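Accompanying notes for the structure given below.
We're numbering straight along the sequence, starting at 1. These numbers were taken from a predicted model, which means no experiment stands behind them.
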Amino acid sequence: MTGATVWLTGLPSAGKTTIAYALAERLRDEGHRVEVLDGDEIREFLSAGLGFGRADRDTNVQRVGFVAELLASNGVKALVPVIAPYADSREAVRKRHQREGTPYLEIHVATPVEVCSERDVKGLYAKQAAGEISGLTGVDDPYEQPESPDLRIASHTQTVQESAAALYALLTERGLA
């Protein structure tokens, strides 16, 4: 089976990780080798010590991109729910995959900041509003939306299963599922 990197970008609490795990379950049930490179786990283990300034965010994205490409080039579906707020960082990851001949899909989980703030899965929006943290992507730090992602998912208008199904349909269309 062909490997691929599926990068899910979007604001905090957009639904990236939830969709990735739902898709992973379906792919595993069909016999695919799948790894979810969760942004929080990556930060803890692979990018410990990095901050949230632009240079550190870029370093984090490049590290994740390297690992994802390595997995994908070895037949694994690497699902990457990582914010990756800067377009140039995401483009560098795409180019790495192109150089290696490894399939890469960029998925924009396009949930409005107001919905993300209501979900506030990790309490980040509340902390930012209370002045406890700054540099929250999409609030007081930039998020550069993908101009032409392979798929744009409006997770606030459909269920997790519908979002995962749309992503699965794209993988099927591209011969990756």
Side-chain angles (χ1 to χ4, degrees), residues 3-24 27 34-43 46-47 50-69 71-72 76-98 102-117 119-122 124-125 128 135-158 160 162-171 174 176:
T5 295
V6 179
W7 197 291
L8 295 94
T9 180
L11 296 173
S13 297
K16 300 175 302 296
T17 302
T18 305
I19 294 166
Y21 278 108
L23 178 63
L27 290 170
V34 180
E35 289 296 333
V36 177
L37 301 179
D38 179 270
D40 292 333
E41 292 176 0
I42 294 293
R43 279 271 179 187
L46 187 62
S47 294
L50 291 180
F52 290 91
R54 186 174 181 123
D56 281 357
R57 286 180 187 261
D58 183 60
T59 297
N60 181 59
V61 168
Q62 298 316 307
R63 287 178 183 176
V64 178
F66 173 79
V67 172
E69 195 284 322
L71 288 167
V76 175
K77 302 286 187 298
L79 308 182
V80 186
V82 173
I83 295 169
Y86 301 110
D88 59 348
S89 295
R90 295 190 306 265
E91 185 58 24
V93 171
R94 178 186 295 279
K95 285 181 179 173
R96 165 186 288 283
H97 282 72
Q98 286 173 341
T102 306
Y104 176 87
L105 300 173
E106 181 178 74
I107 312 307
H108 180 208
V109 182
T111 308
V113 69
E114 299 79 19
V115 175
C116 295
S117 179
R119 290 178 181 171
D120 205 7
V121 177
K122 299 172 198 151
L124 297 175
Y125 293 91
Q128 190 277 337
L136 182 59
T137 301
V139 178
D140 60 351
D141 211 49
Y143 176 74
E144 298 170 357
Q145 292 189 22
E147 290 182 20
S148 56
D150 295 283
L151 179 66
R152 199 175 307 276
I153 294 175
S155 74
H156 59 294
T157 65
Q158 57 192 26
V160 171
E162 289 169 336
S163 296
L167 188 41
Y168 183 86
L170 176 65
L171 287 170
R174 300 283 173 94
L176 299 170

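- Minimum heavy-atom separation, Asn60 to Leu50: N-CD1, 3.8 Å.
- Inter-residue side-chain proximity for Val139 and Leu124 is flagged as unmet; no heavy-atom pair is nearer than 4.5 Å.
- Between the side chain of Thr59 and the backbone N or O of Ala55 there is at least one donor-acceptor pair closer than 3.5 Å.
- Contact record, Pro149 with Glu106: CB-O, 3.5 Å, taken as the closest heavy-atom pair.
- Side chains of Asp38 and Thr17: a donor-acceptor N/O pair is present below 3.5 angstrom, by distance only.
- Between Pro12 and Ile83, the shortest heavy-atom distance links the atoms CG-CD1, 3.7 Å.
- Side-chain N/O atoms of Ser163 and Ser155 include no donor and acceptor closer than 3.5 Å.
- Separating the CD atom in Glu35 from the CG atom in Leu71 is a distance of 6.5 Å, to the nearest 0.5 Å.
- Proximity of a side-chain donor or acceptor of Arg90 to a complementary backbone N or O of Trp7 within less than 3.5 Å is not detected.
- Ion pairing of Asp88 with Arg54 is present here, as a side-chain N (NZ or NE/NH1/NH2) and a carboxylate O approach within less than 4.0 Å.
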Residue pair Val80, Val6: steps toward the side-chain contact (heavy atoms from CB on, under 4.5 Å) verdict: CA-CA 6 Å; Val80 186; Val6 179; over 6 Å; no
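- Within the 4.5 Å cutoff, side-chain heavy atoms of Thr137 are placed close to those of Leu11.
- A heavy-atom distance below 4.5 Å is not found between the side chains of Leu105 and Thr5.
- One finds a salt bridge joining Arg174 and Asp150 here, because a Lys/Arg side-chain nitrogen approaches an Asp/Glu carboxylate oxygen to under 4.0 Å.
- Between Ala20 and Leu8, the closest heavy-atom pair is CB-CD1, 4.2 Å.
- Under the rule for a ring-ring contact (aromatic ring centres under 6.0 Å, His included), Tyr125 has no partner lying at least two apart in sequence or in another chain.
- When atom types are taken as modelled, the side chain of Glu144 and the backbone of Ala87 share a donor-acceptor pair closer than 3.5 angstrom.
- Contact annotation: the side chain of Val160 approaches that of Thr18 to within less than 4.5 Å [non-hydrogen atoms, C-beta and beyond].
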Carefully, step by step, assess Ile107 and Thr9 under the rule side-chain contact (heavy atoms from CB on, under 4.5 Å). CA-CA 6 Å; Ile107 312 307; Thr9 180; over 6 Å; no
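- Between Thr111 and Arg119, the shortest heavy-atom contact is CG2-NH1, 3.8 Å.
- Cation-pi geometry between Arg57 and Phe52 is not met at under 6.0 angstrom from the ring centre and within 45 degrees of the axis.
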Apply side-chain contact (heavy atoms from CB on, under 4.5 Å) to the pair Leu23 and Leu79, showing each step before the final yes or no. CA-CA 9 Å; Leu23 178 63; Leu79 308 182; 4.0 Å; yes
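- The closest donor-acceptor contact from the side chain of Tyr104 to the backbone of Ala4 lies at 3.5 Å or more, if one exists at all.
- Between Lys16 atom NZ and His108 atom NE2 the span is 9.5 Å, to the nearest 0.5 Å.
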I would like to know whether Asp58 and Ser89 meet side-chain hydrogen bond (donor to acceptor under 3.5 Å, both in side chains); could you show each step before the answer? CA-CA 6 Å; Asp58 183 60; Ser89 295; 2.5 Å; yes
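- The nearest pair of heavy atoms linking Gly65 to His97 is O-CE1, 3.7 Å.
- A side-chain donor-acceptor contact under 3.5 Å links Ser13 to the backbone of Val121.
- A 4.5 Å side-chain heavy-atom check between Gln62 and Val93 finds at least one atom pair inside the cut-off.
- Within the model, atoms CG of Leu176 and NZ of Lys77 stand 6.0 Å from one another, a figure rounded to the nearest 0.5 Å.
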I'd like to know whether Leu37 forms a side-chain contact (heavy atoms from CB on, under 4.5 Å) with Val82, so could you lay out the CA-CA distance, the side-chain angles of the two residues, the decisive distance to 0.1 Å, and finally the verdict. CA-CA 8 Å; Leu37 301 179; Val82 173; 5.7 Å; no
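- With a 4.5 Å cut-off on side-chain heavy atoms, Val36 and Pro81 count as touching.
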